[in-house]
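One structure is given below, encoded as structure tokens.
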4 protein chains.
Amino acid sequence: MTVQDVMKAHPQPTSVDHNALLRCIEECLDCAASCTSCADADLAGDDVQEMARCIRLCLDCADACDATGRIVTRQTAPDVGVLRAAIQACAVVCRACGDECERHAAHHEHCRICAGVCRRCEQACDDLLAAIG
Amino acid sequence: MTVQDVMKAHPQPTSVDHNALLRCIEECLDCAASCTSCADADLAGDDVQEMARCIRLCLDCADACDATGRIVTRQTAPDVGVLRAAIQACAVVCRACGDECERHAAHHEHCRICAGVCRRCEQACDDLLAAIG
Amino acid sequence: MTVQDVMKAHPQPTSVDHNALLRCIEECLDCAASCTSCADADLAGDDVQEMARCIRLCLDCADACDATGRIVTRQTAPDVGVLRAAIQACAVVCRACGDECERHAAHHEHCRICAGVCRRCEQACDDLLAAIG
Amino acid sequence: MTVQDVMKAHPQPTSVDHNALLRCIEECLDCAASCTSCADADLAGDDVQEMARCIRLCLDCADACDATGRIVTRQTAPDVGVLRAAIQACAVVCRACGDECERHAAHHEHCRICAGVCRRCEQACDDLLAAIG
């Protein structure tokens with residue numbers, strides 16, 4: 001994605017491991033969009049009543065990933081405590097949403113795919129936390 | 001705000017203390033908007049170079065408060081772990097942003113006011129965390 | 001709300017009518033939050049299947065009002081074309097969402113209240129457009 | 001991106017041209033993230049005072065693209081008027097932001113790259129508008 005090239009042209013790039021950083025940003029963007037789409041697909045299904053928890057967690061996950069993706073993208077004057085708090089919260093929400101989507105993976109292809117991107121985003125958050133130290 | 005009346009009409013309201021919940025939502029909305037405005041006021045000042053950290057933290061705080069405000073507003077099928085993670089992260093970001101704005105309170109009225117709303121939002125998050133248990 | 005005091009302390013305030021501006025911001029914030037809550041209340045009802053369109057439009061309206069509220073809050077180096085485009089789009093989304101919520105006002109109190117805030121936000125957008133010229 | 005696979009699994013996919021739709025979503029996500037990063041890179045430069053308009057428009061563009069990306073991703077019960085209004089506004093903001101970034105392309109590599117993604121997003125919005133009719 002182009003955002004990675006914009007980030008590389010930053011005049012004062014962060015010292016955080018760039019591979020971990022770029023991967024976390026990309027997963028946050030993809031997870032936010034996938035969760036927006038999964039909630040919307042749930043809403044059009046004929047079992048929407050049973051999918052209420054899945055919709056709710058997908059909406060939460062989209063919001064958390066959007067905010068975290070933005071915060072992690074910024075390299076100017078970073079505050080490690082802020083970064084850590086945002087990434088940790090994002091990992092927690094991705095895990096809860098991934099667990100819920102997985103429960104519906106057998107009968108909803110969109111949930112199966114969405115569970116996968118939630119897992120990858122959670123992992124990318126954990127890896128970035130480890131890189132930040 | 002009208003959102004409080006909409007929330008009171010929810011068919012399955014959450015069991016979380018409603019005063020703490022409504023106050024947290026209102027403070028998140030006000031803090032997000034105030035931080036958006038404070039970053040923008042910093043940008044128009046003649047000392048913008050020195051305000052880079054303040055702008056960055058205000059942008060982070062607006063994003064965190066927006067996401068947390070949305071997550072906390074939802075009452076359907078709540079996940080306590082998700083709520084706790086989002087509110088904790090929001091409190092951390094509000095504290096960092098409030099500290100930074102306070103440093104500029106003597107020479108920037110918008111920072112003085114913004115520091116105050118960050119403090120109130122941090123407190124509302126802490127109070128809601130205590131209410132959730 | 002505190003955001004109004006932060007905006008008044010801006011070093012280079014916009015020349016746009018401040019009453020119209022502040023009212024539009026406040027209505028955008030309230031409408032975004034009310035629509036987030038109305039979509040969530042729809043989701044917990046026993047007629048959620050029939051509420052799919054209402055949920056979808058409430059989610060759209062929350063996103064449009066959030067973005068427009070942020071854009072309109074910024075006073076530094078305003079671009080009138082950008083402001084106009086954002087506010088016009090917001091008014092269109094508020095009208096569609098208000099119409100849909102009104103359809104359910106008799107059997108869902110949250111839709112009745114949400115329709116009202118959508119109408120007020122649409123009007124505040126129209127008034128701000130007129131003030132911008 | 002994974003979001004495209006989630007969208008293909010929607011039980012009631014929209015009748016809008018899927019290539020135009022998927023390209024618009026991907027460009028909105030990339031443009032939102034690139035603008036967040038460009039505003040942040042501007043903020044760390046030693047000419048930040050001259051970059052105030054660029055920062056402001058990048059922040060506006062990130063907000064407009066985020067909201068439009070979400071709205072366009074939803075396929076359930078689409079409202080053509082809402083889609084059209086959101087996409088049109090997004091194209092206007094992308095054009096203004098692309099024009100401003102282009103002015104700084106010779107001395108800021110991040111602005112040169114960001115201008116490119118703004119142009120692509122504007123084009124993707126125009127193409128989707130044409131496809132919607």
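Letters A, B, ... are given to chains in the order of the sequence lines, protein chains preceding strands, and every chain is numbered from 1. FYI, side chains are in, hydrogens and waters are out, and symmetry mates aren't considered; it's all heavy atoms of this structure. Worth saying up front: this structure is predicted, and the values here are computed from it rather than measured.
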> When heavy-atom pairs shorter than 4.5 Å are enumerated against chain C, which of Thr73(B), Thr36(B), Asp30(B), Leu29(B) gives the highest number?
Replying inline: Asp30(B)
> For chain C, which of Arg120(B), Gln75(B), Glu109(B), Arg112(B) has the most heavy-atom pairs under 4.5 Å?
Replying inline: Gln75(B)
>> Rounded to the nearest 0.5 Å, what separates atom CZ in Arg70(B) from atom CG in Asp40(C)?
In response: 12.5 Å
> What distance do His108(C) atom NE2 and His10(B) atom NE2 have between them, rounded to the nearest 0.5 Å?
Replying inline: 11.0 Å
So which atom in [X] and which in [Y] form the shortest heavy-atom distance, rounded to 0.1 Å?
{"X": "Val6(C)", "Y": "Ser37(B)", "value": "CG1-OG, 3.4 Å"}
{"X": "Ile113(B)", "Y": "Asp5(C)", "value": "CD1-O, 3.6 Å"}
{"X": "Ala44(B)", "Y": "Gln12(C)", "value": "O-NE2, 3.0 Å"}
{"X": "Ala9(B)", "Y": "His110(C)", "value": "O-CD2, 3.5 Å"}

>> Under 4.5 Å from any heavy atom of chain C, what part of Ala62(B) do you find: side chain, backbone, both or neither?
In response: both
> In terms of heavy-atom proximity below 4.5 Å to chain C, should Asp66(B) be classed as side chain, backbone, both, or neither?
Replying inline: side chain
> Can you say whether Asp42(C) sits under 4.5 Å from chain B via the side chain, the backbone, both, or neither, judging by heavy atoms?
Replying inline: neither
>> Tell me if the CZ atom of Arg95(C) is crowded by more than 12 foreign heavy atoms within 6.0 Å.
In response: no
